[in-house]
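Note sheet for the following structure.
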There are 2 protein chains.
Amino acid sequence: MGADLMEESTGAVPSLAPPRRRGTVDKHQERRDQLAESALVTLGELGYARTSLRDIAANSPFSHGVVHYYFRDKNELIVYCVRFHKSTCVLRYDDVVESAGSSEELVDGFVAKLRETLTADAPMHRLWYDLRTASMFEEPLRATVALIDGWLQDMVWRVLARYASLAGKGVAVTPAVAYAIVDGLFQQALLAMHDQPAESLDRIDRSVRDLLPSLLLSA
Amino acid sequence: MGADLMEESTGAVPSLAPPRRRGTVDKHQERRDQLAESALVTLGELGYARTSLRDIAANSPFSHGVVHYYFRDKNELIVYCVRFHKSTCVLRYDDVVESAGSSEELVDGFVAKLRETLTADAPMHRLWYDLRTASMFEEPLRATVALIDGWLQDMVWRVLARYASLAGKGVAVTPAVAYAIVDGLFQQALLAMHDQPAESLDRIDRSVRDLLPSLLLSA
DNA sequence: CCGTTAACTTGACGGTTGTCAAGATAAATC
DNA sequence: GATTTATCTTGACAACCGTCAAGTTAACGG
């Protein structure tokens, strides 16, 4: 994990990478990931546009100049960071999907994970929405955003398809619509996490439980 | 319209405003609105964080220093702009709501307006999402964002309540959930307007038509 | 027509930013 | 251990930002 990033080249390790030496697995790539993890903390706190390379370096073991040794520019670093994080993040519900023995159990596991990630990973989710919004104004970001949006849509679809299967019914909406709905609920919950965290968690819990059945065919 | 901004003071016309002269209705306020309208064009193109006061002034009849004559700082200008625009924007569907004679007619009018605004006002909608996302990282923005989010939620609810009434049924979801769903669909449509505008419009058209009935009680 | 005040312009300030070149340090090779 | 290569630091650069003070122009009141 990390190096391949979901088997899709970021176009991020170009000629600037120094020639590898021996069988030691890519020390260069390890540093990139280490730097990305440091950067993600700062980016999650300050957001995309408000984070400078010096902020990132300050929260890392390195100095601000090192960024250009491992990344071409700021955009490549940030895109790599978000992609690095999301590539594992989109697998969050997969064990719930696989281990659930009934539709009720799946819903319970799903909302539990939703609450958990809203509580623990709020800065990362904020960063994702920040990057997605920025992509509406900066064309170079759109390809990455579209890719990750596809991952998330597939993630939601895996949950919903399994849910329908366990309930012995079909799904009434397309993957795109299902994702839009869940994402809309999630984003509202995230927005409310600052001022009313407890109420926000309860609301999305109840909303999802109420809404999921209506996404199935009655047949 | 414009001066009162939905009967809610922005806290934006403080002591710095010069004493008014005669009965001529607030020349000062007129200039504020004129400046806001100029700024909105630039903000819609470049987004919140990427727009400088010099960019705004360049697309206006004024110089860059004039901003501090009418607004305390950049944030106050931007907040005023978005609020200025949204305060009329949230009334967009009201005539459809009032003039619709049947539930089908209301749906037709609703999706027609949706398509229209996605086509014509895409930059303004991008700006709104940009500001809402920025509010997750900048506390001073949250009050305004929460206020406008409330307006939008009410707007969606007026449509849905009227739709239910015309169909002789009740609404199955809360205002917050209804807004989250519509907003999720709308945001996905807006994101796709850059690369696939036609497909995006068709998709949200069909999605809304499919989804609205399922938000009503079957009773 | 004159004086006063509002409206607006100009230019500068301190600060921050991304980027990069040049040098220092550490590591690995022979 | 010497030399070559990779890694990392430092400092500087040009550009840009928001803000504001000082000065200019225009409009209004008498």
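A quick note: this is a predicted structure, and the numbers were derived from the prediction, not measured. Residue numbering restarts at 1 for every chain, and letters A, B, ... go by the order of the sequence lines.
Using a 4.0 Å cut-off, no side-chain N or O of A/Y69 falls inside it from OP1 or OP2 of D/dC8. Listed pair B/R31 / C/dA6 fails the phosphate criterion, with no side-chain N or O lying under 4.0 Å from OP1 or OP2.
Contact record, B/S135 with B/R142: O-NE, 2.9 Å, taken as the closest heavy-atom pair.
The interatomic distance linking B/N75 (CG) with D/dC17 (P) rounds to 16 Å, in whole Å. Rounded to an integer number of Å, the gap from CD1 of A/I56 to P of C/dG18 is 8 Å. The interatomic distance linking A/I78 (CD1) with C/dT17 (C1') rounds to 13 Å, in whole Å. One interatomic measurement links the two molecules: NE2 of B/H28 to P of C/dA7, which rounds to 7 Å at whole-angstrom precision. Going from atom CG of B/L77 over to atom P of D/dC17 covers 15 Å, rounded to whole Å. Rounding to whole angstrom units, NE2 of residue A/H68 and P of C/dT17 are separated by 14 Å. The distance between atom NZ of A/K27 and atom P of C/dA28, rounded to the nearest whole Å, is 8 Å. Taking atom NE2 on A/H64 and atom P on C/dG18, their separation rounds to 10 Å, with Å as the unit.
A heavy-atom distance below 4.5 Å is not found between the side chains of B/V173 and A/D210.
Listed candidates were C/dC8, D/dT10, D/dC20. Nearest to the side chain of B/F62 is C/dC8. With distances taken from any side-chain atom of B/S63 to the nucleotides C/dT9, D/dT7, D/dC17, the minimum falls on C/dT9. Among the nucleotides C/dT19, C/dA7, D/dT9, the one closest to the side chain of A/K74 is C/dT19. For B/Y70, counting side-chain heavy atoms from C-beta on, the closest listed nucleotide (D/dT9, C/dA7, C/dT9) is C/dA7.
The residues B/E138 and A/R50 are annotated as salt-bridged, a charged nitrogen and a carboxylate oxygen being separated by less than 4.0 angstrom. Electrostatic pairing of B/D205 and B/R209 counts as a salt bridge here, judged by a charged N lying under 4.0 Å from a carboxylate O.
Of the N and O atoms on the side chains of B/D130 and B/T133, not one donor lies less than 3.5 Å from an acceptor on the other residue. Side-chain contact check for B/Y179 and B/D154: no donor-acceptor pair (N or O, by modelled atom type) lies under 3.5 Å.
Distance alone, capped at 3.5 Å, places no donor-acceptor pair between the A/S200 side chain and the A/Q196 backbone.
Listed by residue number, B/R54 are the residues of residues 35-54 of chain B with a heavy-atom contact under 4.0 Å to DNA chain C.
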